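Just so we're clear, the structure is a prediction, and the values are computed from it rather than from any experiment.
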Amino acid sequence: MDFAFRLFSFLKALIPAAVILLPIMFYYLYRRNLLRTKKDILLKEIEQGSIVDPEMLAKSLTNPVTEEQRLQNSLRIGIIFTFAGVVIAVATAIFYSYLQSQVNTPGWRQSQMMSAAFVVTLVMVVAAIVVGVGVAYLVSYFNQKKRMNKTA
């Protein structure tokens, strides 16, 4: 029962992160695969001697993301990671306070609370890392934006 309780606690704390981060990751992988597939198709057509639109070839071989889009992506990722980390931390704190309120009920052992505290600590460390990544992206965004404004 102790292992199941720890596993349930850990999974319950990860649900907000999974709900937020998984769709973003899937969209990123989809876009990356789409661009790679387009480039591979065009290169195979060239190898076979087909006539290829030069403009389409140039677009597929160059980076389709402009500097401004890259900046916006950095801001978006920073906001998402920071928000996700804060949500994970708040949800974990609420869950832990709920567990502490249940300690005095019959059937609870001190070892169960200790294991729950360990899992909550691990999840809070993960939340801090996620917030740190988000803040790093936001700092990067503001530094790049300042540099772009100086050169413009």
Side-chain angles (χ1 to χ4, degrees), residues 1-44 55-105 108-152:
M1 180 174 158
D2 193 35
F3 175 75
F5 177 76
R6 287 194 328 231
L7 181 63
F8 175 74
S9 299
F10 183 71
L11 292 177
K12 190 172 182 179
L14 285 181
I15 288 173
V19 167
I20 293 170
L21 296 177
L22 283 177
I24 296 166
M25 183 183 69
F26 287 141
Y27 178 74
Y28 169 74
L29 292 174
Y30 165 76
R31 291 293 298 170
R32 192 175 80 179
N33 188 34
L34 184 68
L35 292 173
R36 185 179 298 146
T37 304
K38 267 171 109 176
K39 184 169 71 173
D40 290 344
I41 289 171
L42 285 174
L43 289 176
K44 285 182 182 180
E55 185 177 316
M56 188 183 297
L57 178 64
K59 282 184 181 179
S60 71
L61 293 178
T62 59
N63 190 1
V65 180
T66 65
E67 185 69 25
E68 191 66 34
Q69 288 173 334
R70 200 167 59 78
L71 256 177
Q72 292 301 320
N73 286 342
S74 181
L75 176 65
R76 189 176 305 117
I77 291 170
I79 290 171
I80 289 170
F81 269 82
T82 304
F83 182 71
V86 169
V87 167
I88 292 169
V90 168
T92 305
I94 291 170
F95 181 69
Y96 187 64
S97 67
Y98 170 75
L99 284 179
Q100 282 183 328
S101 70
Q102 298 296 317
V103 168
N104 295 329
T105 59
W108 274 84
R109 294 184 312 224
Q110 187 65 24
S111 64
Q112 288 176 323
M113 194 60 199
M114 294 289 285
S115 64
F118 178 71
V119 170
V120 166
T121 303
L122 287 178
V123 173
M124 288 299 243
V125 167
V126 168
I129 291 170
V130 171
V131 168
V133 169
V135 169
Y137 269 102
L138 290 173
V139 167
S140 170
Y141 166 76
F142 288 114
N143 284 339
Q144 289 174 0
K145 186 167 179 143
K146 186 189 294 186
R147 191 169 8 133
M148 275 184 64
N149 288 341
K150 283 183 181 180
T151 59

Kindly list each side-chain donor-acceptor pair under 3.5 angstrom involving residues 120-129, sequence neighbours excluded, with atom names and distances?
unit_1: Thr121; atom_1: OG1; unit_2: Ala117; atom_2: O; d: 2.7

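For Tyr137, the side chain to side chain contact (heavy atoms under 4.5 Å, CB included) criterion is met by Ser74, Ile77, Val133, not counting sequence neighbours. Residues passing the side-chain hydrogen bond (donor to acceptor under 3.5 Å, both in side chains) test with Ser140, sequence neighbours excluded: Gln144.
Distance NZ/Lys145 to NZ/Lys150: 15.0 Å, rounded to 0.5 Å.
A side-chain donor from one of Asn73 and Arg76 sits under 3.5 Å from a side-chain acceptor of the other.
Within the 4.5 Å cutoff, no side-chain heavy atoms of Leu71 are placed close to those of Leu75.
When every heavy atom of Val130 is checked against every heavy atom of Phe81, the shortest pair comes out as CG1-O, 3.1 Å.
No side-chain donor-acceptor contact under 3.5 Å links Thr82 to the backbone of Ile79.
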